[in-house]
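Down below is the structure, laid out as structure tokens.
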2 protein chains.
Amino acid sequence: MSKGVNLKELSNRLNLSQTTVSRALNGYPEVSAETRRRVAEMADKLGYAPNSQARRLATGRSMAIGHVIPRSIHEMMNPIFLEFIAGAGETYSKHGYDMIISVVEDDHEEDAYRQIATRKKADGVIIHGPAANESRHELLQAINLPFVVHGRIPGAEQETSWVDMNNRRAFERATNLLLDLGHKRIALLNGLEHMDFARRRRKGFEDALSARGLEPDTSIMRSSDMTEPYGCDNAMEMLKSEHPPTAFLVSSMISAIGVARAIGQCGLVTGKDISIITHDDALSFLPNSGEVPIFTCTRSSVRYAGQRAAELLLDIVADPKRPSSSLHLDAELIVGQSTGPAPGR
Amino acid sequence: MSKGVNLKELSNRLNLSQTTVSRALNGYPEVSAETRRRVAEMADKLGYAPNSQARRLATGRSMAIGHVIPRSIHEMMNPIFLEFIAGAGETYSKHGYDMIISVVEDDHEEDAYRQIATRKKADGVIIHGPAANESRHELLQAINLPFVVHGRIPGAEQETSWVDMNNRRAFERATNLLLDLGHKRIALLNGLEHMDFARRRRKGFEDALSARGLEPDTSIMRSSDMTEPYGCDNAMEMLKSEHPPTAFLVSSMISAIGVARAIGQCGLVTGKDISIITHDDALSFLPNSGEVPIFTCTRSSVRYAGQRAAELLLDIVADPKRPSSSLHLDAELIVGQSTGPAPGR
DNA sequence: CCCGGCATCCAAACCGCTTTGGATTTGATC
DNA sequence: GATCAAATCCAAAGCGGTTTGGATGCCGGG
């Protein structure tokens, strides 16, 4: 309630030493129950709360987790990133940790990590959006900054801790569903394939095709930022081509909406003339639920991934020597209104 | 490069006092050019960077700005919020500030602000999504924590610093455009009207109507979270009603996409049979540009608002006594493909 | 009655930086 | 040559906590 009371004043008011007061408040055993009660009461009355800078300095732990996002990554990951952050943030505040986010120019990313380490700004960081040729983990290992990867780093699955969904399997299953429905010509609108997650999705798609002796047709496969127009424009182009696909496998709800728009503009009906399966990150502003979801989808909550990644990182921070461990989340394959048997079947 | 070098070691290596080294690095004048050079060189060689906790403690400034987002606010503001954050984050890192984000349970919001103040976690905060009956600013004034509002607090426009767009004017102009095109029956799909921005938009809509002697028809006015299904479901319902509107004024691109979907499902054509004007926050993953934008819109970059709000806040933090000042951004009215003359005109 | 042990509590060092209040040197002035 | 101011540099005192290494008092046991 009152303004700035510090430990010293508080202990004066109580005729106790700072040591005792500090111990009482932090739950150490060498303090009598009665004293502890008195201290708690007075602290409450004076509205005492320890200055976090001082505490951090004294303990040597910054009680914060860093997220550095280069501007470009951010551009494309926008909504997914926030949802992850939201999940992670819940975990942090539950454990008394702060979340600090650094938005940096692309060529300052490495610098940002170094600063976090040398200036002791955070006890650990999360690596977002690992690329196919990723190297941030090596830097972090070199400067000894604990981290967890959201996604996986090819070639470093064992030595790093990560939380990822099973991208390959999800897209394999989705492709199989389309094949089972009789679709033979399936377009893939993937995310940027220099990102690890997009590679895995493509692999799943191709695996499913080749398991049935089909060749992927690169003329109906795309890779780009997952915007709405990306979905619409590419779908439009393909639908107007000589051999249009009868189904689309899409990497994001947002682009899938674009695909649906293109289908509508061509005078076709989604789920009847043309099928769509999209990945659904369960973004709160793009709900795809209800009795029958609009889109048939592979769904995996990125928010949940954020929560779990944060928990994992806090564990590592608490005990840096613990062996790396990871979490592999499975996406659900949920049937909605956007799929149906291939036409003319 | 090396690991933990601190001021003490650095000054020892240089045979200088900590005072001098500190001053040399922080650009104080009472240090010779030669000494400053030597210091800089050695600091660079040893990879010295000041421990931020220690510095914060010594200076009494936390060099951080806080953003507290209750989970519920977050749910609905999701993508817009991140875009704002991204803008603000750029400004912070440019000025050496950290951005700390607290995701809290709704009933802990006040607590979060108090903690930031008493534990000195941040030098200031940004108030997000002010409601029609807002009170956070009173709390912040009481605990003396500098802040800037993203949006406006009704009744406190003078005494607070804020960055907002001209919501009323934007929707007034949009409505006028529709009226000029001959539309007489215009639906409003607004955001949650307990939020200040949505109230203002509604006001603009109603002002434009009444200026032409028209009464708003509440049967085609809605207020809700701005999701995609919200747009689709409500548009669908209205289009199937006895007196369907010929135009929609929508508060968000995401919902507008839903409206377009509904129009398509009814076998109508957007921009011909039915017009749409939406507000466009210029979200990076929902570009509405190109030669002719998909949607006619009122556009105002929320990212830019974030940059400016952050600058304003940093100014206030630097000089808390400065009088409050604010920034009123104007939205552009941009004609795209989603509007046309009222049918049968 | 004395001693060891436990329960409590405290003075002081420390975390790593900034900043105050001099001390010392240098150089120009008269 | 003495004086004063400017130019440099430094020792030490914070900032507000945590933590180490004892003190002190009280108790039962030998």
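Side-chain atoms are counted along with the backbone in the values below, which use heavy atoms only and exclude waters and symmetry mates. Below, chains carry the letters A, B, ... as their sequence lines are ordered, and counting in each starts from 1.
Proximity of a side-chain donor or acceptor of Ser93(A) to a complementary backbone N or O of Val103(B) within less than 3.5 Å is detected.
With sequence neighbours excluded, the residues satisfying side chain to side chain donor-acceptor pair (under 3.5 Å) with Thr35(A) are Ser32(A). For Lys94(B), there are no side-chain contact (heavy atoms from CB on, under 4.5 Å) partners two or more places apart in sequence or in a different chain. Residues passing the side-chain contact (heavy atoms from CB on, under 4.5 Å) test with Leu139(B) are Glu110(B), Tyr113(B), Arg114(B), Ile143(B), sequence neighbours excluded. Residues meeting the side chain to side chain donor-acceptor pair (under 3.5 Å) test with Glu138(B), sequence neighbours left out: none. Under the side chain to side chain donor-acceptor pair (under 3.5 Å) criterion, Glu157(A) pairs with Arg200(A), sequence neighbours left out. Under the side-chain contact (heavy atoms from CB on, under 4.5 Å) criterion, Thr59(B) pairs with Arg55(B), Arg61(B), sequence neighbours left out. Asp123(A) is linked by a salt bridge (Lys or Arg N to Asp or Glu O under 4.0 Å) to nothing, counting only residues two or more places apart in sequence or in another chain. With sequence neighbours left out, the side chain to side chain donor-acceptor pair (under 3.5 Å) criterion links Thr20(B) to Ser17(B).
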Set out, line by line, the N/O atom pairs under 3.5 Å between protein and nucleotides 6-8 of chain D.
none

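In 5' to 3' order, the nucleotides of DNA chain C bounding all contacts with chain A (an atom under 4.0 Å from a heavy atom) are dT8(C) to dG16(C).
For the pair Tyr48(A) and dG16(D), the criterion of a side-chain N or O lying under 4.0 Å from OP1 or OP2 is not met. Applying the 4.0 Å criterion to OP1 and OP2 of dT18(D), one finds that Asn26(A) has a side-chain N or O inside that range.
Salt-bridge annotation for Asp98(B) and Arg119(A): absent, with no side-chain N of the basic residue lying under 4.0 Å from a carboxylate O of the acidic one. Salt bridge status for Arg38(A) with Glu41(A): absent, with no side-chain N to carboxylate O gap under 4.0 Å. In this structure, Asp196(B) does not pair ionically with Arg152(B), as no charged nitrogen and carboxylate oxygen lie closer than 4.0 Å.
Across all strands, Gln53(A) comes closer than 4.0 Å to no nucleic acid atom at all (heavy-atom distances).
Between Leu10(A) atom CG and dT18(D) atom P the separation is 11 Å, expressed in whole Å. If you take CG of Leu7(A) and P of dG14(D), they are 17 Å apart, rounded to a whole angstrom.
Taking for each of Ser17(A) and Ser22(B) the nucleotide of DNA chain C with the nearest heavy atom, the 5'-most of the two is the partner of Ser17(A).
Remark: Leu57(A), Ala58(A) in residues 56-65 of chain A come within less than 4.0 Å of DNA chain C through at least one heavy atom.
Relative orientation of the His150(A) and Phe84(A) rings is parallel, given thresholds of 30° and 60° on the angle between their planes.
End-to-end axis angle of the helix from dC1(C)-dG30(D) to dC30(C)-dG1(D), from C1' rotation axes over five pairs per end: 60° (rounded to 10 degrees).
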